Amino acid sequence: MIKLVLWAFFLLPWISLIFLKNSAIRRYMPVALLATVINTILYQVAWTYDWWKYKETLFSWDKVAQIHTVYGVFLVGTIWIFYFTFRRFWIYFVVNLIIDCIYSFGFRALWKKLKITTSEGNLSPLEGIIIMTIIAVTLYVYQMWQEGLIWRENKITEE
């Protein structure tokens with residue numbers, strides 16, 4: 001049962017991309033990959049400082065940065081969130097905040113109940129939401145930069 005839940009968290013987001021235009025995937029894949037790098041680093045920090053520990057994972061080698069979340073639902077979820085909310089910052093911000101609350105108060109509790117994570121851990125749900133909100137704003141600024149909407153380089157023409 002637990003492995004089925006973990007596989008669903010990994011595979012279903014990727015399968016959902018068949019409903020998205022290829023141009024949208026290409027447009028938002030860079031920000032999704034940045035989110036993946038940031039989340040991988042965050043999971044390494046969490047492992048070191050005992051914010052949480054996973055007892056159940058898809059593979060024996062993904063105890064630190066779990067495949068089902070970092071490379072599944074977080075990566076693909078970033079693409080979907082940007083697809084529906086980019087260029088409307090406050091909608092993006094609120095959607096991220098709602099999803100972060102669902103993750104922090106819902107899925108973290110579910111993971112503990114299913115014994116996917118340990119019941120210990122010294123990162124509170126509120127601290128998790130703050131960290132995820134900082135990451136979300138960072139990703140939004142990155143996407144704006146990626147599309148040339150901020151810090152646009154001025155081309156100097158020679159006469």
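It should be emphasised that the depicted structure is a prediction, and the values quoted were computed from it without experimental measurement.
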Task: Parallel, tilted or perpendicular, as decided by the 30° and 60° cut-offs, for the rings of Phe93 and Trp90 - done: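 If you compare the ring of Trp90 with that of Phe93, the planes turn out perpendicular.
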State the [atom1]-[atom2] distance between [X] and [Y], to the nearest 0.5 angstrom.
X: Gln143; Y: Thr138; atom1: CD; atom2: OG1; answer: 13.5 Å
X: Ile129; Y: Ile99; atom1: CD1; atom2: CD1; answer: 12.5 Å
X: Ile130; Y: Ser124; atom1: CD1; atom2: OG; answer: 7.0 Å
X: Thr36; Y: Leu42; atom1: OG1; atom2: CG; answer: 12.5 Å
X: Arg26; Y: Ile79; atom1: CZ; atom2: CD1; answer: 12.0 Å
X: Glu56; Y: Leu6; atom1: CD; atom2: CG; answer: 7.0 Å

Task: Ring centre gap for Phe86 and Tyr92 strictly below 6.0 Å - done: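 No, the ring of Phe86 stays outside the 6.0 Å limit from the ring of Tyr92, centre to centre.
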TODO: Decide if the gap between the ring center of Phe74 and the ring center of Phe9 is smaller than 6.0 angstrom.
DONE: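 Ring-ring flag for Phe74/Phe9: false, centres at least 6.0 Å apart.
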Shortest non-hydrogen separation from [X] to [Y] and the atoms involved:
X: Ser16; Y: Val76; answer: OG-CG1, 3.9 Å
X: Leu17; Y: Ile25; answer: O-CD1, 3.8 Å
X: Pro13; Y: Gly72; answer: CB-O, 4.0 Å

Open item on the list: If we ignore hydrogens and angles and just use 3.5 Å, is the side chain of Asn96 paired with the main-chain N or O of Ala136 as donor and acceptor?
Closed with: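 No.
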Task: Phe84 vs Val95, side-chain contact (heavy atoms from CB on, under 4.5 Å): CA-CA, chis, key distance, verdict - done: CA-CA 10 Å; Phe84 285 114; Val95 166; over 6 Å; no
Close side-chain approach of [X] and [Y], heavy atoms under 4.5 Å:
X: Leu34; Y: Ile38; value: yes
X: Glu127; Y: Ser104; value: no
X: Tyr103; Y: Pro125; value: no
X: Tyr71; Y: Asn39; value: no
X: Val45; Y: Tyr49; value: yes
X: Glu147; Y: Arg27; value: yes
X: Val5; Y: His68; value: no
X: Tyr28; Y: Thr78; value: no

TODO: Start with the C-alpha gap between Val137 and Tyr140, add the side-chain angles, then the distance that decides, and say whether side-chain contact (heavy atoms from CB on, under 4.5 Å) holds.
DONE: CA-CA 5 Å; Val137 171; Tyr140 194 88; 5.6 Å; no
TODO: Using a cut-off of 6.0 Å, state whether more than 12 heavy atoms not belonging to Phe59 lie near its atom CZ.
DONE: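 Atom CZ in Phe59 is packed in, count exceeds 12.
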Could you state whether [X] and [Y] fall into the same hydrophobic cluster, counting links through intermediate Ile, Leu, Val, Met, Phe, Trp or Tyr residues with side-chain heavy atoms under 4.5 angstrom apart?
X: Val70; Y: Leu123; result: yes
X: Leu139; Y: Ile98; result: yes
X: Ile131; Y: Ile134; result: no
X: Leu126; Y: Met132; result: no
X: Ile41; Y: Trp47; result: no

Task: Evaluation steps, side-chain contact (heavy atoms from CB on, under 4.5 Å), between Thr69 and Phe107 - done: CA-CA 11 Å; Thr69 53; Phe107 284 114; over 6 Å; no
Task: From CA spacing to verdict: ring pair (Phe, Tyr, Trp, His ring centres under 6.0 Å), Trp51, Tyr43 - done: CA-CA 9 Å; Trp51 289 350; Tyr43 271 66; 9.8 Å; no
- [ ] Just do the side-chain contact (heavy atoms from CB on, under 4.5 Å) check on Leu33 and Leu75 with the steps written out, would you?
- [x] CA-CA 7 Å; Leu33 291 174; Leu75 189 151; 4.1 Å; yes
